[in-house]
Protein chains: 2
Amino acid sequence: MTSGPPSEAVDLGLWFATFNEIAILAQLSRTLMEARLPHGLLQPQFGVLNHLVRVADGVTPLALARAFQVPKTSMTHSLAVLERHGLVEMRPNARDGRSKCVFLTDAGRKLRDGTIAALTPDIAALAHRFDAARLRGALPVLTELRQIMDTLRDPVSGHTGATGAQDP
Amino acid sequence: MTSGPPSEAVDLGLWFATFNEIAILAQLSRTLMEARLPHGLLQPQFGVLNHLVRVADGVTPLALARAFQVPKTSMTHSLAVLERHGLVEMRPNARDGRSKCVFLTDAGRKLRDGTIAALTPDIAALAHRFDAARLRGALPVLTELRQIMDTLRDPVSGHTGATGAQDP
DNA sequence: ACTACATAGTGCGATATCGTATCAAATGGA
DNA sequence: TCCATTTGATACGATATCGCACTATGTAGT
């Protein structure tokens with residue numbers, strides 16, 4: 001055999017440690033956010049709301065599922081919650097009869113802005129203790145890693161199928 | 001009022017973007033892992049198993065809940081699953097009659113090692129596309145951020161109460 | 001046009017997550 | 001010692017997550 005693995009050993013520990021930290025940080029940020037969200041709304045729902053404001057209105061549920069890398073059924077549920085609360089509106093997709101488009105309502109926009117405002121002191125407290133420059137340095141690494149994992153994702157099953165564009 | 005905020009504006013966008021990437025990466029790594037886990041085991045359970053191997057055996061459920069920053073009830077559930085599968089053993093805590101100690105079984109150790117082995121090619125594929133040095137640079141930032149968020153956590157309610165030591 | 005296949009969304013069931021309430025053991029005063 | 005408070009763990013219920021299977025629409029090949 002001539003072309004085995006890169007012959008350079010992979011630092012498994014590094015990767016596991018990273019994923020471990022990421023999992024815990026996700027948990028911490030979730031808790032942080034949900035402490036400021038109105039009753040009945042959880043982080044996934046707020047994430048969608050925020051995405052609609054920051055990126056674009058009128059996208060399809062599947063595009064959202066891809067953006068967040070969750071199964072489409074999970075996104076269906078999140079959107080149903082948001083719609084039940086009157087925060088988004090689902091309209092038929094003129095270009096594709098199977099599809100729908102998700103639009104923010106005024107209430108949705110307002111609630112998102114209010115939540116951001118409510119979160120600001122918490123973030124400020126964090127920023128007070130943690131140098132933003134370090135974060136700014138780490139963020140591109142996270143982004144690139146996310147993109148690569150995106151790409152490597154098995155484009156199989158009912159999960160979501162393919163790569164999802166993220167906030168540009 | 002004399003001592004308002006640091007008068008320096010906080011880069012909210014930076015923080016939100018970071019938390020956003022972290023949430024998606026957590027999702028991606030979860031999916032990656034669960035694709036290699038035996039049926040019936042999910043990432044949280046494997047995380048516990050891995051922690052017991054890497055850090056220490058014989059810790060209490062509450063210590064585990066703190067380490068992962070999940071509510072104690074979630075940890076109770078995860079441990080029940082692991083115990084049902086014969087992967088861990090719960091013994092009474094000699095030092096505290098209310099408490100228990102979690103121990104790995106041989107099956108648990110074996111399953112953890114097998115899963116690591118099964119994951120290695122996936123990690124290797126990642127490592128092939130992503131420079132480990134960059135990851136190594138970013139990891140301390142994540143760790144420190146996690147520690148700080150740990151510290152700032154409201155030590156309230158039934159969540160977990162306090163800071164949890166993480167893999168040293 | 002007709003048939004195959006792919007794709008968008010959803011209903012359903014199994015399981016996970018987590019807040020609240022509860023119980024039992026420990027701790028710390030009076 | 002007795003009582004109040006704290007702390008570790010769990011039961012329970014509400015909701016979230018997600019895999020599977022299904023429908024409906026779109027797309028391609030003939």
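Fair warning: this is a prediction, and the values are worked out from it, not measured in the lab. Computation of the quantities below employed the complete heavy-atom set of this structure, encompassing side-chain atoms and omitting hydrogens, waters and symmetry-equivalent molecules. Chain letters run A, B, ... following the sequence lines, proteins first, then strands; residues in each count from 1.
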Starting at [atom1] of [X] and ending at [atom2] of [N], how long is that distance when rounded to a whole Å?
X     : N      : atom1 : atom2 : answer
A:M90 : C:dT10 : CE    : C1'   : 10 Å
A:L62 : C:dA8  : CG    : P     : 5 Å
B:M75 : C:dT17 : CE    : P     : 9 Å
A:R30 : C:dC18 : CZ    : P     : 6 Å

Does [N] have OP1 or OP2 sitting under 4.0 Å from an N or O in the side chain of [X]?
X     : N      : value
A:Q27 : C:dC18 : yes
B:S74 : C:dC18 : yes
B:T76 : D:dA9  : no
A:Q43 : C:dT17 : no
B:H77 : C:dA16 : yes

Let's see if you can work this out: which of [options] has an atom nearest to the side-chain heavy atoms of [X]?
X     : options                : result
B:R98 : C:dA25, D:dA24, D:dT10 : C:dA25
B:S99 : C:dA8, D:dG8, D:dC18   : D:dG8
B:T73 : D:dC18, C:dG19, D:dA9  : C:dG19
B:P44 : C:dT17, D:dT6, C:dA16  : C:dT17
B:P61 : C:dA26, D:dA9, C:dA6   : D:dA9

Distance, nearest 0.5 Å, that separates [atom1] of [X] from [atom2] of [Y]:
X      : Y     : atom1 : atom2 : result
B:Q43  : B:R30 : CD    : CZ    : 5.5 Å
B:F68  : B:S78 : CZ    : OG    : 9.0 Å
B:D122 : B:S29 : CG    : OG    : 12.0 Å

Quick one: on DNA chain D, does A:L41 or B:L79 contact a more 5' nucleotide (nearest heavy atom)? B:L79
Could you check A:G40 against B:C101 and say which one's nearest nucleotide on DNA chain D is further toward the 5' end? B:C101
5'-most contact on DNA chain C (nearest-nucleotide basis), B:Q45 vs B:A94, goes to B:Q45
Mapping B:R84 and B:G97 to their closest nucleotides on DNA chain C, which lands nearer the 5' end? B:R84
Between the side-chain atoms of B:K72 and the base atoms of D:dA9, is any donor-acceptor pair under 3.5 Å? yes
I'd like to know if the side chain of A:Q45 reaches the main chain of A:L42, judged simply by a donor and an acceptor atom lying under 3.5 Å from each other, with no hydrogens or angles considered. yes
Intermediate values then yes/no, side chain to side chain contact (heavy atoms under 4.5 Å, CB included), A:H51 and B:N20: CA-CA 10 Å; A:H51 183 91; B:N20 191 24; 5.7 Å; no
